[in-house]
Amino acid sequence: MNDLFDKTDYSLYSNSMSFMRQPYLRNPIGSDADLVVLGVPLDMATSGRPGARMGPDAIRRASVNLAWEGKKFPWDFNLFDRVKMIDAGDLVFDCGDAEDFTYRLEKATGEILKNGKTMFALGGDHFITLPILRAYAKHYGEMALVHFDAHTDTYANGSAYDHGTMFYHAPNEGLISPKHSVQIGIRTEYEQQNHGFNVINAMQANDLTADEIVAQVRATVGDKPVYVTFDIDCLDPAFAPGTGTPVCGGLNSDKVLKILRGFAGMNIVGMDVVEVSPPYDHSDMTALAGATVALELMYAWASNKTDKDA
């Protein structure tokens with residue numbers, strides 16, 4: 001009877017409370033983890049349909065579909081042989097207080113980085129990337145941004161707490177270098193003449209091969225530290241309907257995963273997946289897409305590392 005609560009094998013959907021069933025530890029400071037997953041359940045900066053605050057939980061639950069595989073196809077190593085990951089649960093903040101939220105997320109990110117760890121954020125709406133970048137810039141200096149999205153999020157006419165203005169503020173604060181940054185999948189209006197960022201719009205991305213896109217990204221970011229942010233609406237709504245601002249004509253999941261695999265060996269220092277909105281999802285397909293993108297990014301990041309017992 002002693003094995004009733006200690007059994008380590010499990011059915012697919014039981015006890016699915018952490019990303020990829022990795023250890024859950026509310027306070028990651030002082031742990032020996034390499035990678036910390038932090039949920040950020042915020043959607044008060046949305047301009048359209050709400051619901052992204054439920055994204056972290058949905059992505060975690062969907063990740064159980066990926067946890068059984070061992071090493072993820074087609075990678076030739078098991079992520080968890082190279083990386084110790086913990087899930088620190090969700091950021092706690094005063095609901096409805098944007099200023100408190102922004103302070104707490106920047107502070108939490110900074111503490112994780114100061115302790116020698118990399119953070120992967122599960123959103124939440126896309127505003128969460130701005131306070132994260134503020135913490136990262138204090139640690140790494142000016143970074144390159146690789147940004148997957150249907151929207152540029154460089155709009156100047158929103159508020160200070162808006163999921164469409166982060167990449168207007170970030171360059172002005174010296175957090176990222178637009179000339180070393182790439183936005184992939186854009187298919188909504190923006191000021192093209194004075195934009196500053198390098199853009200591979202959705203029509204171009206759908207016509208180019210994944211290898212051609214990767215080559216452009218690598219040539220643009222150079223040797224700068226790279227932060228990768230993935231808004232799930234980069235994917236066409238056929239592949240990710242559960243998001244607040246869906247736009248037709250996006251990338252398919254196969255193209256996206258091939259691009260992310262091409263980032264192996266890049267100097268990736270931070271990552272997030274945002275804007276999964278479960279109320280608009282069907283059959284958890286958007287949550288599964290978010291979990292798969294997150295895992296693929298983790299593999300690309302870990303490709304620079306060696307197995308723990310090597």
Side-chain angles (χ1 to χ4, degrees), residues 18-20 22 24-29 33-46 52-63 83 85-93 98 101-115 117-140 143 145-149 153 161 163 166-167 170 175-176 225-234 243-244 260 268-278 286-287 289-302:
S18 66
F19 187 78
M20 293 296 291
Q22 293 305 293
Y24 178 82
L25 183 63
R26 282 293 297 139
N27 186 352
I29 308 306
D34 308 294
L35 182 63
V36 176
V37 174
L38 182 67
V40 190
L42 175 90
D43 63 11
M44 63 183 166
T46 53
R53 70 182 64 188
M54 292 174 274
D57 178 61
I59 292 170
R60 288 185 176 105
R61 285 187 283 106
S63 75
V83 173
M85 181 199 300
I86 60 170
D87 190 326
D90 291 342
L91 182 76
V92 177
F93 55 94
F101 163 79
T102 303
Y103 165 78
R104 287 176 181 263
L105 180 54
E106 181 179 345
K107 181 72 172 175
T109 304
E111 289 299 314
I112 290 169
L113 297 180
K114 281 195 301 185
N115 282 270
K117 308 175 193 316
T118 299
M119 192 178 89
F120 198 116
L122 302 177
D125 72 47
H126 212 160
F127 173 73
I128 74 168
T129 305
L130 183 57
I132 292 172
L133 287 176
R134 287 170 177 157
Y136 263 90
K138 290 175 182 175
H139 195 81
Y140 289 99
M143 295 166 289
L145 183 76
V146 179
H147 171 203
F148 293 82
D149 208 321
D153 296 336
Y161 309 104
H163 74 159
M166 305 83 59
F167 307 128
L175 312 180
I176 57 174
V226 178
Y227 188 94
V228 183
T229 181
F230 197 102
D231 187 324
I232 206 69
D233 71 25
C234 176
T243 190
L260 297 180
I268 298 172
V269 296
M271 303 156 281
D272 65 50
V273 172
V274 298
E275 297 285 356
V276 171
S277 183
T286 310
T292 306
V293 165
L295 186 59
E296 208 74 51
L297 269 171
M298 290 174 182
Y299 267 88
W301 170 77

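Being a predicted model, the structure only gives us computed values, none of them experimental.
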Intermediate values then yes/no, side chain to side chain contact (heavy atoms under 4.5 Å, CB included), N27 and E111: CA-CA 10 Å; N27 186 352; E111 289 299 314; over 6 Å; no

Run the numbers on E275 and D149 for side chain to side chain contact (heavy atoms under 4.5 Å, CB included), then give the verdict. CA-CA 10 Å; E275 297 285 356; D149 208 321; over 6 Å; no

Stepwise, does the side chain to side chain contact (heavy atoms under 4.5 Å, CB included) test hold for L130 with Y161? CA-CA 9 Å; L130 183 57; Y161 309 104; over 6 Å; no

Evaluate the side chain to side chain contact (heavy atoms under 4.5 Å, CB included) criterion for residues V37 and Q22: first the C-alpha distance (whole Å), next the side-chain angles of each, then the deciding distance (0.1 Å), finally the verdict. CA-CA 10 Å; V37 174; Q22 293 305 293; over 6 Å; no

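To the nearest 0.5 Å, the span separating CZ on F120 from CG on L297 amounts to 5.0 Å. Note that CG of L38 and CD1 of I132 are 7.5 Å apart. Values are rounded to the nearest 0.5 Å. L260 CG to F230 CZ: the interatomic distance, rounded to the nearest 0.5 Å, is 6.0 Å. To the nearest 0.5 angstrom, D233 atom CG is 4.5 Å from T243 atom OG1. Residue D272 holds its CG atom at 3.5 Å from OG1 of T129, rounded to the nearest 0.5 Å. Note: L133 CG to L175 CG = 6.0 Å, rounded to the nearest 0.5 Å.
Of all heavy-atom pairs between W301 and I268, the closest is CD1-O, 3.2 Å. Of all non-hydrogen atoms in D43 and A52, the two that sit nearest each other are OD2-N, 3.3 Å. In terms of heavy atoms, P28 sits closest to I86 at CB-CD1, 3.4 Å. Counting all heavy atoms, side chain and backbone alike, G39 lies closest to R60 at N-NH2, 3.4 Å. Looking at every heavy atom in both residues, K117 comes nearest to V36 through CD-CG2, 3.7 Å. Of all heavy-atom pairs between M20 and S63, the closest is N-OG, 2.9 Å.
D87 places a side-chain N or O within donor-acceptor distance of the main-chain N or O of F19, the cut-off being under 3.5 Å. Listed for the D125 side chain is a donor-acceptor partner under 3.5 Å among the backbone atoms of A45. The closest donor-acceptor contact from the side chain of R53 to the backbone of M44 lies at 3.5 Å or more, if one exists at all. The backbone N or O of D90 lies less than 3.5 Å from a partner atom in the side chain of R26, making a donor-acceptor pair. Without hydrogens or angle criteria, Y136 side chain to V269 main chain gives a donor-acceptor distance under 3.5 Å.
Under the side chain to side chain donor-acceptor pair (under 3.5 Å) criterion, D231 pairs with H126, sequence neighbours left out.
Taking 4.5 Å as the limit, some side-chain heavy atom of D153 sits within range of a side-chain heavy atom of H147. Contact of the F93 side chain with the T102 side chain is not registered, since no non-hydrogen atoms from C-beta on lie closer than 4.5 Å. In this structure the side chain of T118 reaches within 4.5 angstrom of the side chain of M271, judged on heavy atoms.
Ring-plane geometry between F127 and F101 is classed as tilted, the angle between the planes lying from 30 to 60 degrees on a 0 to 90 degree scale.
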